[in-house]
Protein chains: 2
Amino acid sequence: MTEAGALRQHVRPGAGPGGRQAVLEAAALAFTRNGYTATSIDDIADVLVATKGRVYHYYRSKLDIFLDVMISGMRELTERVGPVAGDLRLGPTERLRQMARIHATLMMTRHSFQRVAVQGIEMHLAGSLRPRQRRTWDEIIAMRDRYEQLFADVVEAGQGSGEFRETPARLATKPLLGALNWTTIWYRPEEVQQEGAGPAVQRIADELAEFVVGGLRKVPDT
Amino acid sequence: MTEAGALRQHVRPGAGPGGRQAVLEAAALAFTRNGYTATSIDDIADVLVATKGRVYHYYRSKLDIFLDVMISGMRELTERVGPVAGDLRLGPTERLRQMARIHATLMMTRHSFQRVAVQGIEMHLAGSLRPRQRRTWDEIIAMRDRYEQLFADVVEAGQGSGEFRETPARLATKPLLGALNWTTIWYRPEEVQQEGAGPAVQRIADELAEFVVGGLRKVPDT
DNA sequence: GTCTATAGACTGATAGAC
DNA sequence: GTCTATCAGTCTATAGAC
């Protein structure tokens, strides 16, 4: 890391509307529209209303941008869901319901980042990673595993309390997150989605949360 | 090389292990591994242990192959799930449970085709479609809509009978299919999966079916 | 000799990297 | 804007079945 560009990144990371964060937002949008491979650096520049030069000023390669979008998306999830997952004053059912609601909401309000994160996880880019990127990738996988564990934990807590069906927690986590993550596929944000989120977003998030809680609930004997 | 299989190729072009179907299976595998754009025709040829010539003998373009993989995958779903969806001797809960089980099983036993079908649906390739491909695409969308409707119908039937929660059927269909389709993302087929399917496949399919049925079940008042 | 299946060289366009 | 690699798609040659 001895070039001027790299140094500047450290001085003001992502400051200003024309800076690194703008490139990231533009890239998230472009990747969402066309997928990783089909998105060219020129496409990203187009969203920025700029040229390639600006993009390469902040990032060394397309893959670096992509990995950074993924990290940002997963960080947002962890930061919002983590506190609720750790709030043991809530019973397992209510805790899971709130975790699911927050997760689902982010799938919609931060659609482009979350969609990239979801699609990136399923990409097999293990090959073609340079050592530095390889380390970033390992960190992404670790973040994902820790995040999934938050859900596995609440599932097990619910089994312990008798609220949830007995089923392998790690397996139950798959359809749970699948139902929620699928939102990035079918949901189409029409306008600018702000933090507060619109009413439609809340209604959908509630429905998804009910669904996943129900999917685990123990059926009372007749 | 005078076995029946080789001879049949000449009589029925496209049949047998060296024909059109072989190209399709190879393509499904290659697309599954790297995604559509990142897969080159040479990659498909590699899986076939052949060269481009073989691939282009059966298909005019990469996109044509992709669309054909999608159609095949969706046809398999419709053919297997359709009859159960139409079997009104089964009550809504049991009908949905069986539909989900079959759907989930196909996600695993026909993993490569189903994964391509799932990923294709979310691709924005509306542009860059030639008229002939455009018609194929419209047919794919129509197949998907009809298929989703099978699930929406059983959801409404279950609401009518009082077994399922009252919720917009089309909305409820999203997490339902999301939980099931997500299987194509995390499930890794280890060996050759036959029609009968292994025990692990059955156990997973059962769990997924329980999950989605539970997600819709009405919670009895306390 | 004819026809199908396939190999493999070639080309033009695209796009990542800088 | 330039340089370069990759790749979809084309074209021709050929092997072998009948």
Side-chain angles (χ1 to χ4, degrees), chain A residues 1-9 20 23-24 26-27 30-31 33-48 50-69 116 120 123 125 127-133, chain B residues 1-27 30-31 33-69 116 120 123 125 127-133:
Chain A
M1 279 275 212
T2 45
E3 326 127 31
L7 285 175
R8 227 169 290 135
Q9 284 174 29
R20 192 184 169 91
V23 174
L24 211 57
F31 288 144
R33 289 209 249 267
N34 307 317
Y36 175 70
T37 340
T39 298
S40 69
I41 302 285
D42 284 316
D43 290 337
I44 298 173
D46 283 350
V47 176
L48 274 172
T51 60
K52 281 207 253 281
R54 168 111 61 121
V55 176
Y56 276 107
H57 178 71
Y58 291 103
Y59 285 97
R60 311 171 67 134
S61 76
K62 185 169 125 173
L63 191 47
D64 285 321
I65 308 175
F66 186 77
L67 294 175
D68 212 7
V69 173
V116 170
M123 281 179 60
L125 32 70
S128 77
L129 284 178
R130 305 175 66 81
R132 179 179 45 87
Q133 298 167 332
Chain B
M1 221 346 190
T2 44
E3 17 156 331
L7 286 174
R8 226 172 294 133
Q9 281 175 34
H10 290 280
V11 182
R12 301 193 319 164
R20 190 183 171 95
Q21 182 66 27
V23 174
L24 210 58
E25 299 273 350
F31 287 145
R33 288 209 248 268
N34 308 316
Y36 175 70
T37 342
T39 298
S40 69
I41 301 287
D42 286 316
D43 289 337
I44 298 173
D46 282 350
V47 175
L48 277 172
V49 196
T51 63
K52 275 208 238 294
R54 172 108 157 250
V55 175
Y56 276 106
H57 180 72
Y58 292 102
Y59 284 96
R60 311 171 66 134
S61 76
K62 183 170 141 180
L63 192 48
D64 284 323
I65 308 175
F66 186 77
L67 295 176
D68 210 7
V69 173
V116 170
M123 280 180 61
L125 32 72
S128 77
L129 285 177
R130 305 175 67 80
R132 178 178 47 86
Q133 299 167 331

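Scope of the values below: all heavy atoms of this structure, side chains included, with no hydrogens, waters or symmetry mates. Proteins get letters first, then strands, A, B, ... in listed order; numbering begins at 1 in each. This structure is a prediction, so every number in the text was calculated from the model and none was measured.
- With axes fitted over five pairs at each extremity, the angle between the ends of the helix from C:dG1-D:dC18 to C:dC18-D:dG1 is 10° (10° resolution).
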Practice item. Let me see the working for B:L63 and B:R130 under side chain to side chain contact (heavy atoms under 4.5 Å, CB included), right down to the final yes or no. Key: CA-CA 10 Å; B:L63 192 48; B:R130 305 175 67 80; over 6 Å; no

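- Other residues, nucleotides and ligands contribute over 12 non-hydrogen atoms within 6.0 Å of the CZ atom of B:R132.
- In this structure the side chain of B:L125 never reaches within 4.5 angstrom of the side chain of B:Q133, judged on heavy atoms.
- If you measure from atom CG of B:D46 to atom P of C:dG8, you get 12 Å, rounded to the nearest angstrom.
- If you measure from atom CZ of A:R60 to atom C1' of C:dA17, you get 11 Å, rounded to the nearest angstrom.
- OP1 or OP2 of C:dT6 has not a single side-chain nitrogen or oxygen of B:H57 nearer than 4.0 Å.
- Separation of atoms CG (A:D46) and CD1 (A:I41) is listed at 11.5 Å; rounding is to 0.5 Å.
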Between the protein and nucleotides 1-8 of chain D, which nitrogen or oxygen pairs come in under 3.5 angstrom?
from  : atom 1 : to    : atom 2 : distance (Å)
D:dA8 : OP1    : B:T39 : O      : 3.2
D:dA8 : OP1    : B:K62 : NZ     : 3.1
D:dA8 : OP2    : B:I41 : N      : 2.7

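- Between A:Y36 and A:F31, the two ring planes are tilted [angle within 30° to 60°].
- Residues satisfying the side-chain hydrogen bond (donor to acceptor under 3.5 Å, both in side chains) criterion with A:S40, sequence neighbours excluded, are A:D43.
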Point to revise | Working for side chain to side chain contact (heavy atoms under 4.5 Å, CB included), residues A:L24 and A:Y59 | key: CA-CA 10 Å; A:L24 211 57; A:Y59 285 97; 3.2 Å; yes

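- With rounding to whole Å, A:D64 atom CG is found 10 Å from C:dC18 atom P.
- An OP1 or OP2 oxygen of C:dA17 is reached within less than 4.0 angstrom by no side-chain nitrogen or oxygen of A:Y59.
- To the nearest angstrom, P of C:dG16 lies 18 Å from CZ of A:R54.
- The distance from the OG1 atom of B:T51 to the NE2 atom of B:H57 is 12.0 Å, given to the nearest 0.5 Å.
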